[in-house]
**Student:** 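Mind looking over this structure? Questions follow.
What you see below is based on every heavy atom in this structure, not just the backbone, and it leaves out hydrogens, waters and symmetry mates. Remember, it's a predicted structure, so these values are computed and weren't measured experimentally. In what follows, every chain begins at residue 1, and chains take the letters A, B, ... in the order their sequences are listed.
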There are 2 protein chains.
Amino acid sequence: MVKLEQAASTAARKVTIKHVAAEAGVSLQTVSRVINNGPNVRPEVRERVNAAVARLGYVPSLAAQRMGGSRSYLLLALNDRDRTIEGWRSGEGTDWVDQMLLGGMLKCAEAGYRMIFELVDTHSAHVEREVKAAIAALHPDGVILTPPHSDNPLITGLLVDLGLPFARIGSTATGAGFSIAMDDYAAAETATNHLLDLGHRRIGFISGSPEYVLSGARLQGYRAAMAGRGLPDDADLVGHGDFTFASGEAAMETFCRLAHPPTAIVASNDQMALAALRVAGRRGLAVPHDLAIISFDDTPIVRFSNPPLTAVVQPIAAMASAAADLLIRAKSGQDDLPQASTLPFQLAVRGSTVATSD
Amino acid sequence: MVKLEQAASTAARKVTIKHVAAEAGVSLQTVSRVINNGPNVRPEVRERVNAAVARLGYVPSLAAQRMGGSRSYLLLALNDRDRTIEGWRSGEGTDWVDQMLLGGMLKCAEAGYRMIFELVDTHSAHVEREVKAAIAALHPDGVILTPPHSDNPLITGLLVDLGLPFARIGSTATGAGFSIAMDDYAAAETATNHLLDLGHRRIGFISGSPEYVLSGARLQGYRAAMAGRGLPDDADLVGHGDFTFASGEAAMETFCRLAHPPTAIVASNDQMALAALRVAGRRGLAVPHDLAIISFDDTPIVRFSNPPLTAVVQPIAAMASAAADLLIRAKSGQDDLPQASTLPFQLAVRGSTVATSD
DNA sequence: CTGTTAGCGCCTTCAC
DNA sequence: GTGAAGGCGCTAACAG
């Protein structure tokens, strides 16, 4: 007797749907229906089953659900391996991954889903193999792609072949899958206009790696803003970076050697903006007095630099959340879902463009 | 013919162990043995099966492996919900989660495992229910606990009941599970000695939340270092913080109002160290000349503050990696595993304790 | 509305 | 050494 009680009170080892069925006095199938909010169950029976579930602390096994049914309750988030690991190793403070988890994980949790985070090489010849393997192992209900995967035809093509729903974060390209992005063009335009409004006319732009489609959009937005004020398209004012600190440094140095160096810079990410700041410091340029700087990433470090950088705030968490939401809805059979979503960005104005009294 | 080739070249929809068995001309079981590196398979047959696996691009389904066998190839990493989400939301740049992923995910990947990251409330009355639910759903092969869960008896007790292997990161408490920590005592001692070596005698210590066992260890280490130089144990020099910026500010303000304020501070985390820096700025104290500061977290923001902060570098990635490694080994039947591991820390000396020429 | 019957893909136990 | 049953926990497709 004592033993029995102990067994019951401690680890109710493995409560399965069978136990619940027995406890509620119904069949397995009825329990399954209740759990999945299926139709055709009398409210009274539903109550009874729910009570049994609560009493026994029953939680369905994900693995078994996937085996029997068609859903795995798993979403696969694919990030670029090299860039992600390098970011982690360097401790540079990029919080892209954190923001993705914030948006994606929490949305998944709301719906009883799980987000599994994986790294794959975009460049590698085995991208397809890597992605295929992850999918074969996990059988996710949907895949979230982040740049640069979002625009990798090898990956999107594979996903289409597989008939697996997917979301492309940061991609505005039309095509299969949900496109979820912010308006990089408008953001660059807004950033540039902010500088123009402050009276700057020689505004330099440091572009990102051309591998990322958004790099082009940002450059176009910059050009549009300049043209909008009747300023000539000066090739000298466009520096070609690749998102690294070194490339930002190089671009900035080149700017400084011009006969008429820019008085303001829009950099396509935080590292390149910080590089510009560093070069300014080396050359004795006061920020924002001699040189104004805007970053395209609002990572923690640009908020703690000296001065803190004005930056475009990307809605990373919101995009991840939207991606998860769309995929989950899609799997639930909903079909009036927007193929493309554009989420709002913000411009956080700080000391690198406007002198503060702080 | 064309059709067949296409079908083969595109999405080899679902390759199961059956297909491999047929392709290799052996039974299911033999394939299973090869996959799991089981014994009793002729090298020649093994070769043949491996070739078939490669040819078909077969990858076992995690869900099915878990259903049939006893392993799920999943490790569950449990973090504190409130603290983690707050960190993400604030964008304060804590990279604890990133370092955990770096260490844990990569180690898991090496062994064909996956790390699933979940958030649970330590304070909530339903800690047990939350943890139980996650375990019931996932059936992980092991659980990685981070502070403050590492020392939560409700959680560790449950895990013991369940017979699930687990690792306690940042906990030196003896008991079930693998304890993986750095030597907080020695780290605090080292940090304090660094200041003592620089000639400081009035050294203030801002402690962390007492809920974290490591808070106590750090305080002891500080006291030991002070005592080691024959300095009296002055209660005024110990400020009681809770890891928040506000608490650090308050502690520092209190220090400043002393008849003999400290000339150096050891803060138990980055936020409180930055708070001390902020207060110093407000009061016109030059760092490091008038006030030296050491942080206990080497997060990105302390490397970019002005001046950058000297900090204890915690081996977060290494601890996560070790945790994953131990759990995977344990599940593989290895049993000569160290119950407790202490990983080395470092002291990164920067401008907040030693004037630099930069 | 509810119960029954088949598997899902794999591993374990047992024969051969 | 290898193969043939059986079952893990659940859900889809049917019956009733």
**Student:** So does B:Ala173 get a backbone contact from the side chain of B:Arg168, meaning a donor-acceptor N/O pair under 3.5 Å?
**Tutor:**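 Yes; judged by distance alone, with no hydrogens or angles, the pair exists.
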**Student:** When you check every protein heavy atom under 4.0 Å of nucleotides 6-16 of chain D, what one-letter string (B, S, -) results, 5' to 3'?
**Tutor:** -BBBBBBB---
**Student:** Test B:Val26 against every option in B:Arg46, B:Arg48, B:Arg33 by the side-chain contact (heavy atoms from CB on, under 4.5 Å) rule and name the one that passes.
**Tutor:**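 Result for side-chain contact (heavy atoms from CB on, under 4.5 Å) with B:Val26: B:Arg48.
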**Student:** With distance as the sole criterion, is a donor-acceptor pair present between the side chains of B:Tyr73 and B:Asp141 under 3.5 Å?
**Tutor:** no
**Student:** With side chains defined as the heavy atoms from C-beta onward, is the minimum distance between A:Leu158 and A:Lys132 less than 4.5 Å?
**Tutor:**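 Of all side-chain heavy-atom pairs linking A:Lys132 with A:Leu158, at least one is under 4.5 Å.
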**Student:** Is the number of heavy atoms from other residues, nucleotides or ligands within 6.0 Å of CD (A:Gln339) greater than 12?
**Tutor:**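 Yes, enclosed.
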**Student:** Let me know the distance between CG of B:Asn40 and C1' of D:dG1, rounded to the nearest Å.
**Tutor:**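 Rounded to the whole Å, the gap is 6 Å.
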